[in-house]
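For clarity, every value in this text was computed on a predicted model and none was experimentally measured. Each chain gets a letter, A, B and so on, in the order the sequences are listed, and its residues count up from 1.
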Amino acid sequence: MQNFEIAWAFRELADLLEFKGEDFFKIRAYRRAAKVIAGLNEPVELLYRQGELNKVPGIGKNILAKIAEMINTGRMRKLDELRAEIPPGVLEIMDLPGIGPKRASLLYEHLKVAGLDDLEKMAREARVRAVPGLGAKTEQDIIRNIEMLRRRSGRVLLGIAREIARDLVEFCKDLPGVKRIEPTGSVRRWRETVGDIDLLAMTDDPERLFSSFLGHPRVKETLAREEDRVKVFTWWGVTVELLAAPPEEYWPALLWSTGSREHYRQLQSLARRKGLELTRYGLQREDGKFLLVQAEEDIYRHLGLPFIPPELRENRGEIEFCLKEGRVPRLVQLSHIKGDLHIHTDWSDGVNSLEQIVACARKKGYQYIAVTDHSRSLKIARGLSLEQLDEQRRFIEKINEKYDDIRILSGIEVDILPSGGLDCPAQILKRLDVVIASVHTKFNLDRRAMTERILSAVKDEHVNIIGHLTGRLLGQREAYPVDVEKILAAAGEYGKFMEINSSPDRLDLNEEHARLAKEYGLKMVISTDAHDLRRMDEMPYGVAVARRAWLQPEDVLNTLELAELIKMLKTKNK
DNA sequence: GCCGTTTTCGGCCCGACTGTTTTCAGTCG
């Protein structure tokens with residue numbers, strides 16, 4: 001049982017109890033447990049077997065018993081009971097913005113809505129406005145939000161797709177006859193969302209592999225089964241396709257199934273011009289003979305190309321570039337990253353103590369990290385008062401005395417107030433090493449007002465970095481309207497850095513904006529915005545955005561050595 | 001539900017916004 005599965009169960013439990021109108025604090029306890037579990041950087045199952053689980057904050061006697069039940073039986077009785085009791089479809093209605101437990105039960109009570117389709121139909125028939133407490137405006141919102149939900153449906157976040165892919169690879173890799181297995185498709189290309197998860201296995205005995213694979217406990221339904229592939233629908237709600245190839249066909253198959261389709265078509269036409277035929281089975285000469293291929297590199301070489309990393313394979317000029325330059329664009333990679341400049345601690349809404357975070361950062365070999373808790377007005381995130389901020393700064397100074405292999409920078413993620421300006425006086429910001437300015441409230445300003453609001457932070461002499469520029473939450477919340485180009489232009493003028501937020505549900509800047517920012521000559525900062533230790537591991541997602549935007553190490557601030565970094569942060573005020 | 005300068009039960013994060021009201025409930029960040 002994976003951590004994220006246990007976390008999902010508690011989240012669902014909380015949602016169901018919320019619908020029932022259960023005690024708020026009990027629900028919050030379950031939500032907190034879900035959050036804590038999702039944030040653990042060790043398997044829950046391991047901690048449980050070691051008897052360490054009850055030491056995790058937020059996990060008491062009752063929740064521990066439920067986790068034990070899940071580990072031992074694979075189920076949670078209480079959750080099963082609630083699922084049976086509460087009409088299915090209610091939870092998906094509660095997913096809609098503006099619909100919480102109260103309105104969901106109101107809708108159920110009066111209209112007996114059984115799900116999103118049902119609700120949409122009733123809204124379009126103008127029957128929702130007849131429900132006491134709801135009006136025409138809410139009805140329109142419901143229709144609009146369902147349409148938004150539809151647009152994103154069927155795709156899952158890369159972060160989740162990679163977790164699932166890892167689970168399946170682990171399951172398959174030691175099965176008899178399996179010589180190799182890896183994710184391909186958009187997972188391998190690190191696209192921000194993924195439709196189906198594709199896996200490719202190297203084996204001479206696909207039948208045997210498929211039989212075992214179909215016995216995986218999370219496989220719900222077999223959608224297709226052919227000689228060299230199976231397609232299944234999983235309990236995770238994602239479709240997975242497992243392709244099998246014998247060793248001599250593996251690399252062509254890997255290239256083919258990694259895609260993208262457009263990139264692959266370009267390769268095929270390049271091959272044709274060289275008198276070759278490129279298919280998923282190999283690279284064939286006109287005389288019918290197959291060229292020797294023992295890696296993807298070999299295929300690219302036969303086509304007169306260097307190895308093109310999967311992140312670049314989108315037919316955005318990568319093939320032309322490689323042909324012209326005779327080399328691949330130099331890309332930033334995880335090992336270039338020297339530190340993380342956006343981390344929250346338990347002083348605000350983070351889970352872990354500063355000491356735990358420092359230990360984790362040292363283990364990663366970082367030269368520096370910045371502690372950037374929320375500012376005072378963000379009450380829900382327990383934003384630090386000015387006194388606490390100062391106390392934290394002095395605390396960090398003390399910790400810095402303890403270590404000579406890492407430097408803790410004191411910082412803040414300061415709110416950009418709705419009318420512009422920052423949620424912290426200038427003389428306080430002046431003392432800090434790193435100032436990130438972000439929007440967390442009042443997302444419904446119009447484009448002009450929001451742009452002006454953020455510009456006010458760009459122009460502020462104490463700000464170093466603009467955090468998660470568009471505020472989008474993938475699959476949950478659209479980006480607020482903002483003139484990105486105008487901000488980027490101003491950021492260049494005022495010497496600011498733009499954050500690439502690595503959190504898989506943000507990825508903000510996204511790859512288009514990051515590419516644009518590079519055109520504006522800006523440097524970016526790849527940060528995790530971690531609220532717990534596990535999420536400090538999410539740096540690769542931000543790096544992937546940067547790579548897909550063709551960023552080089554010198555485009556990224558936190559590839560710099562500490563001394564250089566500090567110099568750059570100090571010379572911010574042009 | 002969990003937690004505790006705590007041992008048995010009370011406290012647990014808050015304030016703004018919105019649409020529906022006509023004084024406020026529900027939702028959200």
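Across all strands shown, A:L134 has heavy atoms under 4.0 Å from sugar-phosphate atoms exclusively, and none from any base. When heavy atoms are screened at a 4.0 angstrom cut-off, A:L13 is found touching no nucleic acid atom at all. Among the atoms of the strands shown, none is found under 4.0 Å from any heavy atom of A:A65. Within the nucleic acid shown, A:R382 comes within 4.0 Å of at least one base atom, counting heavy atoms only. Counting non-hydrogen atoms under 4.0 angstrom, A:F24 reaches nothing in the nucleic acid. When heavy atoms are screened at a 4.0 angstrom cut-off, A:T138 is found touching the sugar-phosphate backbone but no base atom.
At B:dT18, one or more side-chain N or O atoms of A:N444 fall inside 4.0 Å of OP1 or OP2 (strictly under the cut-off). The side chain of A:K26 places an N or O atom within less than 4.0 Å of a non-bridging phosphate oxygen (OP1 or OP2) of B:dG1.
Checking B:dC12, B:dC14, B:dT27 against the side-chain heavy atoms of A:F25 singles out B:dC12 as nearest. Out of B:dG1, B:dC13, B:dG26, the shortest distance to the side chain of A:R28 is found at B:dC13. The side chain of A:I63 has B:dG1 as its nearest neighbour among B:dG29, B:dT27, B:dG1. Set against B:dG1, B:dC28, B:dC14, the side chain of A:K379 has B:dC14 as its closest nucleotide.
Taking the six-membered ring for Trp and thresholds of 30 and 60 degrees, A:F19 and A:Y108 have ring planes more than 60 degrees apart, a perpendicular arrangement.
Rounded to whole angstrom, the span from the CD atom of A:E413 across to the P atom of B:dG29 amounts to 15 Å.
With respect to the salt-bridge test (charged N to carboxylate O, under 4.0 angstrom), the residues A:R535 and A:E538 qualify.
Look at B:dG29: its Watson-Crick or wobble partner, with both distances under 3.5 angstrom, is B:dC14.
Closest-nucleotide positions on DNA chain B for A:R32 and A:K137 were compared, and the one nearer the 5' end corresponds to A:R32. Comparing A:T441 and A:N54 by the nucleotide of DNA chain B whose heavy atom lies nearest to each, the residue mapping closer to the 5' end is A:N54.
Taking A:F25 as the reference, nothing meets the ring pair (Phe, Tyr, Trp, His ring centres under 6.0 Å) condition, with sequence neighbours excluded. The ring pair (Phe, Tyr, Trp, His ring centres under 6.0 Å) check on A:Y403 picks up nothing, with sequence neighbours excluded.
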Side chain to side chain contact (heavy atoms under 4.5 Å, CB included) between A:N558 and A:V556, intermediate numbers included: CA-CA 6 Å; A:N558 49 327; A:V556 179; 3.1 Å; yes

